[in-house]
Amino acid sequence: MKTEDEVIIKKTSCGSCLHQCGVKVHVSNGEVVKIDGDKENPLGKGRLCIKAAAALDLHNHPNRLNYPLKRIGERGEGKWEKIPWQQAMDEVAAKIKEIRGKYGPEAVAYMGGTVHEPGDWAAWRWCNLFGTPNVHNQGKNCGEAEFLMECATYGYHTRPTPKPGVTRCLVIWGANPSDSAPVAYRPSILGAKEKGAKLIVIDPRLTETASNADLWLQLRPGTDGALGLGMLNVIIRENLYDKEFVEKYCLGFNELKTLVQEYPPKKVENITWVPEQKIIEAARSIATLKPSVITFGVAVCHLGRATKSAVQVKAILRAITGNLDIEGGNVLKEPFKQLAWFENIYWDRLLGYPQEKRDNVSADMFPIASVRGYRLFLEAMKKVHPHGYAAAIYMLTYTGVNLWNAILEGKPYPVKAVLTQAANPICTLDTRGCYTALKSQNLELHVAMDLFITPTAMLADYVFPAADWFERPCLSFRWGLVGDYVAGEQSVAPLYERRDDYQFWRELGMRLGQEKDWPETLEKMYDRFLEPTGKTFNELVHQKEHWYLPEERYRKYEKNGFATFSGKVELLPGILEKLGIDPLPRYEEPPRTPISAPELAREYPLILISGSRLACYWHTCYREQKKLRKAHPDPLVQIHPDTASKLGITNGDWVYIATPEGRIKQKAELTEGIHPRVVHADGYWWYPEKPGEEPSLFGLWDSTINATLFTDSKLLDYAGDYPFRGLLCKVHKE
Ligand SMILES: Nc1nc2c(c(=O)[nH]1)N[C@H]1C(S)=C(S)[C@@H](COP(=O)(O)OP(=O)(O)OC[C@H]3O[C@@H](n4cnc5c(=O)[nH]c(N)nc54)[C@H](O)[C@@H]3O)O[C@H]1N2
Ligand SMILES: Nc1nc2c(c(=O)[nH]1)N[C@H]1C(S)=C(S)[C@@H](COP(=O)(O)OP(=O)(O)OC[C@H]3O[C@@H](n4cnc5c(=O)[nH]c(N)nc54)[C@H](O)[C@@H]3O)O[C@H]1N2
Ligand code: SF4
Ligand SMILES: [Mo]
């Protein structure tokens with residue numbers, strides 16, 4: 001539509017993070033001049049956060065990658081040659097063909113990041129067609145552990161749906177939505193509280209969200225499993241659970257009852273540091289204030305061996321209190337049927353492989369996130385839904401550590417090429433392991449595609465310039481996790497030689513025997529997705545309601561049962577047993593605490609948590625954006641004033657955070673909102689203003705907390721996620 005001053009307004013969704021708030025992009029003379037929120041769009045309803053305000057700067061930033069680059073020096077030396085896109089593609093495809101011929105398709109691994117659309121699904125499609133099960137993205141480390149546990153327990157994952165005026169108890173567990181969901185936080189979380197819901201926050205830090213809580217449980221990091229067992233103890237002992245639901249729909253209650261007897265609240269207080277009375281109050285509230293809802297929280301997925309009990313007690317609490325699939329509670333998310341082939345584009349051919357074909361590099365160690373595990377989930381699901389699972393991408397991902405081993409040691413088999421797209425794993429996984437693998441001569445090809453040259457891209461042989469969200473059309477559906485989608489117009493043509501990520505995979509596929517599988521443009525691929533609607537992408541995108549919102553239906557299990565093998569909620573999931581994982585939610589200490597590693601704790605007495613979201617950044621992104629950087633210029637480590645004073649540290653000092661694996665520096669922020677024995681470090685940090693070439697790699701080694709991670713794969717959680725929280729460290733000034 002045109003307005004008087006010849007500014008054209010394009011309606012799309014903001015791609016500066018995964019929440020996809022509706023925006024109106026003002027375009028004049030082929031250039032983006034302004035964006036504002038789209039009040040008519042149900043996602044965001046016109047509200048935008050600080051990151052969106054800086055999106056114009058992102059589009060035009062002088063550091064942006066504009067041309068394909070080929071390395072001419074050593075990896076990391078920063079010597080590049082600008083080459084034409086076609087030449088870069090030809091060379092990369094030829095190398096991949098050679099590797100496939102010598103080692104098999106599984107020797108090529110894809111390394112992806114958080115939701116960035118269309119590259120994500122195009123990459124999974126490419127891997128499926130090419131025949132490699134080695135797919136990674138930030139399903140791993142990003143809630144996969146909780147997702148898989150819900151699927152194992154109910155057959156579905158759930159969507160927490162706090163509803164103002166309906167929800168009566170809202171438990172934010174291991175999350176801080178004031179920063180991680182800045183647009184939804186006010187209407188959804190505070191809105192529910194204002195309309196009478198009791199807000200319970202389980203977090204070692206006094207966050208903005210916790211400061212609004214009616215009940216804040218400041219637990220010792222990593223002890224969530226014990227806390228949940230304590231709550232279950234109260235709920236079962238006081239007969240507060242939903243007896244009808246448990247009798248009719250749950251299996252394994254007696255075994256659970258026996259286990260929780262070992263966790264009376266007093267004992268749990270000793271483990272978790274949460275006062276007994278607060279444990280009892282939380283338990284009673286969750287069970288009796290119906291509907292109650294327990295949110296997803298990524299922190300509980302970052303606890304190493306302690307993750308399993310943490311995510312499992314959350315799943316069990318949702319079920320036995322009768323809050324599954326009710327309005328204002330945790331709604332069961334059925335498979336995503338609204339877009340054609342949503343699931344099949346990823347896995348149809350891969351699943352068709354005979355068993356003797358190789359599984360992903362993590363399959364022996366973490367079978368639940370492998371093709372073998374996925375087949376089991378699918379088998380159970382198919383009894384209720386013939387066409388399968390909702391979001392396989394959270395169920396089929398290798399672990400970084402296993403990839404490094406495959407590159408460095410050839411175990412379980414060699415991986416020779418890594419294709420990194422929309423990810424910065426050297427900052428967001430274990431920095432040292434990733435660095436060693438990407439630098440290794442064993443790795444014959446590393447390709448990166450990004451908006452910027454990141455520390456990870458510095459170690460690539462070829463770098464491709466990606467189009468940003470203004471430069472491509474979108475059909476954003478958040479990996480099918482939520483059940484909605486939005487069609488968005490392309491605002492402007494890509495500048496320079498930037499291309500959308502779909503084109504990268506398409507062009508690679510076209511050179512590798514996938515000619516029939518890739519429509520020419522992204523819009524044409526979207527047409528295929530939209531076949532069930534009878535509309536083309538072009539029709540949908542110009543419609544007044546250019547989105548789809550799922551109709552909320554409740555108690556669906558009454559008709560279909562649950563999508564587990566037994567058709568019931570399996571409090572002790574049979575699928576875990578089949579995969580050799582303990583089905584009981586037994587609490588295990590995180591791998592490194594004063595209790596599990598007392599020797600180490602003598603030298604490293606503080607408990608380290610890291611990486612909580614900052615409203616102004618998107619993981620490792622946007623440090624080069626002046627407006628955003630001003631909001632949070634330096635990486636901060638939060639320390640209690642009493643601890644700081646014992647260490648001779650004052651507010652604003654640059655201090656070392658050290659683990660046996662390494663040390664980095666961040667700026668001290670003294671706060672009463674953290675326990676004296678706990679410190680919180682900002683996550684993944686790099687400095688776009690520092691030199692890119694080695695040894696600096698944009699200051700990679702200076703402040704990235706992930707450089708201090710330990711990576712013994714035996715101590716990772718049951719699905720192979722990293723232990724980013726609940727570790728041991730020391731903090732010192734010199
Ligand atoms: N602005 C912004 N928003 C984002 C993102 C972003 O990068 N920037 N990233 C998106 C992504 S991919 C994700 S996964 C989500 C994550 O978003 P959330 O699930 O909200 O996770 P965090 O922000 O890491 O907040 C976790 C909270 O858990 C607490 N915590 C630390 N250790 C423990 C523990 O042992 N137990 C408990 N119970 N709590 C603990 C921390 O103090 C922190 O306040 O955010 C999404 N939203
Ligand atoms: N210590 C610690 N580590 C963590 C976590 C933690 O809590 N603590 N959290 C983990 C979690 S939950 C997550 S999700 C991960 C995030 O890990 P990553 O996904 O690796 O991190 P991002 O910074 O989001 O990396 C995205 C990259 O994609 C680029 N990009 C953006 N848009 C596009 C696009 O459209 N196309 C292309 N090709 N590139 C694009 C950006 O410039 C950026 O370099 O980190 C994990 N690591
Ligand atoms: S929360 Fe902010 S960055 Fe994320 S989609 Fe909404 S406006 Fe964009
Ligand atoms: Mo994440």
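Quick note: numbers below take in every heavy atom, side chains included, and nothing from hydrogens, waters or symmetry partners. In listed order, ligands and their atoms are each counted from 1.
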Do ligand 1 and [X] have nitrogen or oxygen atoms that lie under 3.5 Å from each other?
X: A181; result: no
X: Y684; result: no
X: W618; result: no
X: T223; result: no
X: N176; result: yes
X: A299; result: no

Where does [X] meet ligand 1, judged by heavy-atom distances below 4.0 Å: at the side chain, the backbone, both, or neither?
X: H619; result: both
X: L219; result: side chain
X: H302; result: neither

Short list, please: which atoms of ligand 1 are under 4.0 Å from a heavy atom of [X]?
X: L614; value: 1 (N), 2 (C), 8 (N)
X: G222; value: 34 (C), 35 (O)
X: C142; value: 12 (S), 14 (S)
X: L303; value: 35 (O)

Applying a strict 4.0 Å limit to heavy atoms, is [X] in contact with ligand 1?
X: C17; answer: no
X: G143; answer: no
X: G726; answer: no
X: R220; answer: no
X: N141; answer: no

Work out how many protein N, O or S atoms lie closer to atom 6 (Fe) of ligand 3 than 2.8 Å. 1
Mind checking salt bridge (Lys or Arg N to Asp or Glu O under 4.0 Å) for K34 and listing every partner two or more places apart, or none if nothing turns up? D36
Tell me every residue that passes salt bridge (Lys or Arg N to Asp or Glu O under 4.0 Å) with E146, counting only those two or more places apart in sequence or in another chain. K314, R318
Counting non-hydrogen protein atoms only, what is the nearest one to [atom]? Give residue, atom name and distance.
atom: atom 38 (N) of ligand 1; value: D224 OD2, 2.7 Å
atom: atom 21 (O) of ligand 1; value: V298 CG1, 3.4 Å
atom: atom 32 (N) of ligand 1; value: I609 CG2, 3.5 Å

What pairs of residues pass the side-chain hydrogen bond (donor to acceptor under 3.5 Å, both in side chains) test when at least one of them lies in residues 46-58, not counting sequence neighbours? D57-K627
Aromatic contact, [X] with [Y] (centres under 6.0 Å):
X: Y684; Y: H619; result: yes
X: Y617; Y: Y622; result: no
X: Y394; Y: F147; result: yes

In Å and rounded to the nearest 0.5 Å, what is the NE2 to CG distance from H116 to D450?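 The NE2 atom of H116 sits 8.0 Å away from the CG atom of D450.
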Note: R305-D717 ion pair, threshold 4.0 Å (strictly below): no
Inspect the contact between K267 and E276 and indicate whether a charged nitrogen and a carboxylate oxygen are less than 4.0 angstrom apart.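 Salt bridge flag = no for K267 with E276.
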